[in-house]
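Note that ligands are numbered from 1 as they come in the structure, with each ligand's atoms numbered from 1 the same way. Values below: all heavy atoms of this structure, side chains included; hydrogens, waters and symmetry mates excluded.
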Amino acid sequence: MSQKKNIFFGIVLISLLINACLSQQLRKDEFKSKISQKIQQLQKDLRGELYDKNTHFTPFPPRFDHQKGLYGSYIHGNIIDKDNSYLTHLIRTNFKCDDNNMFVSNFVLMALLDSYELGTIDLQLEEFEWTIDAILEFRDKNKEQGIPVYSFWSQKLINGTWGAAPSNLEHVAQLAATFPPWLKNWLDAIGFSYISHASDMSKVFRVPPDADDSSVNVALGQRLKQFQSLTKIEQKWNKMNFNTSAYYELLKQHAYRPFANLTGDLEKKYNNTDIIDPRSYLAFYDFFDEQYQIALKEQRKPVLSFFSTWILNYEEQVKDIVTIPAQTNNIDVSVNANAIFGLNNVLINDKNASDYFDQELQGMYLNVTNLIAYTIKSGRVIQRPDIVMLYYPSIFDFYWFAARNAHLLNSYDSEIRFEVMRQARDSLNQALRNQGTQQILSEIKYDKQGNAYWDEFLGDYADKVRGEDRNFASALALNALLDIWTISEKDLKTGKVIRKFIQNTPKNVTDAIDKGIQKIINYKPNFFETHDENVFFSGSLKNNASNQMFMPSNFNNFANGTSVNPHTTEFNWDFLKTLRLAVKGFIPKDQYEQMIQETWFQEQTPVDFPGYNVGEGFTFPYWSSPAITYSMSLLALSKHISIIN
Ligand SMILES: *[C@@H]1O[C@H](CO)[C@@H](O)[C@H](O)[C@H]1NC(C)=O
Ligand SMILES: *[C@@H]1O[C@H](CO)[C@@H](O)[C@H](O)[C@H]1NC(C)=O
Ligand SMILES: *[C@@H]1O[C@H](CO)[C@@H](O)[C@H](O)[C@H]1NC(C)=O
Ligand SMILES: *[C@@H]1O[C@H](CO)[C@@H](O)[C@H](O)[C@H]1NC(C)=O
Ligand SMILES: *[C@@H]1O[C@H](CO)[C@@H](O)[C@H](O)[C@H]1NC(C)=O
Ligand SMILES: *[C@@H]1O[C@H](CO)[C@@H](O)[C@H](O)[C@H]1NC(C)=O
Ligand SMILES: *[C@@H]1O[C@H](CO)[C@@H](O)[C@H](O)[C@H]1NC(C)=O
Ligand SMILES: *[C@@H]1O[C@H](CO)[C@@H](O)[C@H](O)[C@H]1NC(C)=O
Ligand SMILES: *[C@@H]1O[C@H](CO)[C@@H](O)[C@H](O)[C@H]1NC(C)=O
């Protein structure tokens, strides 16, 4: 009797278990098929943002220049009023200028490559090649053949020198010069005075090539080498970009070295290498002083060097053709994260890297990694996002830029051939898995269904939450968490790359990822709301708090050699176009903090970050790209599906 009962219960138990497993399997299959559907949808959305032919600007009917192969990227103004009204929402999201830049397309291609490697999508080789062709057009044509120095905008030849020429912006500026006064007044009234006064704008656009665009291009080329099916495309890329050593030589020549005058020897090699934008100095003075104190204690000379944004010195400018905005170079921690991403890809893929990864470059690499770690660990990234990252208002951009470096170093353990790579990996892991993760998790929000998401700032102000950048922020936060807590391994059987959580990944991280993925899958756009906008990057001046004139400086010269007294002189917008304003050399912390107490151009030093929305109408231009939102979502889903497989 009891045996029969046991058998009966045994059968019931087993069938219950089978049932549970089956329904779990079913749920998993259902979930995977939902992800696959979403991936297909995102690919379709992304395809819709690809320019499949060249078009030319016409004012009527309004049509912009499009360069075949590039993905859409749009310049908006962050215009917002005191009540965050629906009208400013409409202007913010709809009033935009199409922009042809290489940066956005680079990130889309990288996301496609990563997803392809994870086996979630196929590559459309013909279209992929269009984009490569388009990107190669952005190489700085002032440089000798093969040197991979890139410019954000493509160039045109002006009086024998190649200068950056954003055609749509130039057309709009030319057009604006012909506007009748009433239209100019109206633009002024709604906050777009920069358009109404745009007649000499084209000079402002003539930016030099930069370490950001150049380095993400280097990373892309190295990545291409890893795919046999892309050999032809890789060769095409390589033909334009083979001189890696010359590139890193240029980055060293244009680096920022706060202690150069104390060590003396570097100053002989690189002139004015210790001059920097006052904003960068205010952002990082604590780190500089910390390193100075350590060196004092260890009785050695302090040494620090970082990648400057612009690959150009003051002396190398060509008047009105290649010019540094506001005359002074800066360091941006996100640009630096991208610079070492290029370098990490080179170190992993180029067996000849030791030819140029010399002591000096190794030092920079390590210093940059430690600057990134400091920015996270100290909380500086939250206190002053506007000046630690001059061009990247999105904090999740930054976490992910840092995280993808960590993920690369964690995944290619066997390719670590330099001690500094090990140090870099450990330093990034430590910062990202502790404070970095806490900071990301502390920003998490939940909807009524319990799905997780993140918002940045677009449209969120005055107690109104429009969440315009929600999908972008969520996708980047997820990519950051996934890159911090997983490593990639090659499945020897299938050749596919798979992602695995590292041991002891905290449950609140895996929960956040699961719930965030649900949010992405379940998102349905509607007519009245948009969540696919973003601030992928922006201009550097946001409001008075990120105006370098109001910060301590000790170098205030005009080109003709005369200087101004930064305390007594009244603020004047023209100075941003003519004055070379900087911090030169190292200033010890106690002395610098004294300077913070003083007034600069008759204003207090802005020590606090007021937020990116200050309710003053127009504040700053930003670049939004739904293509980035789609590709980053695609990438997060691809990583996730690879883990649950
Ligand atoms: C190009 O050269 C011409 C003739 O010397 C000069 O008038 C013009 O201003 C120059 N253009 C720029 C942008 O420098
Ligand atoms: C790379 O550029 C440097 C500097 O211009 C040059 O000396 C060197 O020959 C170039 N290398 C190759 C392989 O072209
Ligand atoms: C180095 O610093 C000293 C003292 O601050 C200063 O007098 C000197 O001009 C500086 N040298 C250079 C090359 O900047
Ligand atoms: C630095 O400037 C000095 C003086 O102008 C000049 O003699 C020297 O060649 C310059 N060095 C470099 C590396 O540009
Ligand atoms: C590495 O250097 C050797 C010798 O200079 C050269 O022949 C080879 O093409 C280089 N390999 C790569 C991948 O650049
Ligand atoms: C910076 O790099 C130098 C070598 O150039 C090294 O001695 C120093 O320890 C590094 N400092 C940090 C904080 O990475
Ligand atoms: C995540 O979970 C760990 C362990 O339960 C806890 O110590 C930590 O505070 C949590 N972090 C956040 C940001 O919720
Ligand atoms: C920004 O600074 C300028 C120059 O001092 C001043 O005129 C303006 O009122 C300031 N704006 C705000 C919002 O404080
Ligand atoms: C130097 O240039 C500035 C700005 O253009 C100007 O205000 C100043 O008068 C000039 N000084 C001399 C001595 O020419």
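Checked against the 6.0 Å centroid criterion, the rings of Phe571 and Phe550 qualify as a close aromatic pair. Ring to ring, Phe103 and Phe536 are close: their centroids are under 6.0 angstrom apart.
Set against the non-hydrogen atoms of Asn243, the atoms of ligand 2 under 4.0 Å away are 1 (C), 2 (O), 3 (C), 8 (C), 10 (C), 11 (N), 12 (C), 14 (O). Proximity to Glu144 (heavy-atom distance under 4.0 Å) selects the following atoms of ligand 2: 2 (O), 5 (O), 6 (C). Ligand 2 places these atoms under 4.0 Å from at least one heavy atom of Phe242: 14 (O).
Under the ring-ring contact (aromatic ring centres under 6.0 Å, His included) test applied with Tyr365, the options Tyr248, Phe418, Phe357 reduce to a single match, Phe357.
Using cut-offs of 30° and 60° for the angle between ring planes, the Trp310 and Tyr391 rings count as perpendicular.
Within 4.0 Å of ligand 8, protein heavy atoms belong to Asn544, Phe550, Phe571, Glu603, Glu616, listed by chain and number.
The side-chain contact (heavy atoms from CB on, under 4.5 Å) search around Thr323 returns Arg206, Gln317, not counting sequence neighbours.
Between the Asn329 side chain and the Tyr256 main chain, no donor and acceptor come within less than 3.5 Å of each other.
Using a 4.0 Å cut-off between charged nitrogen and carboxylate oxygen, Asp286 and Arg380 do not count as a salt-bridge pair.
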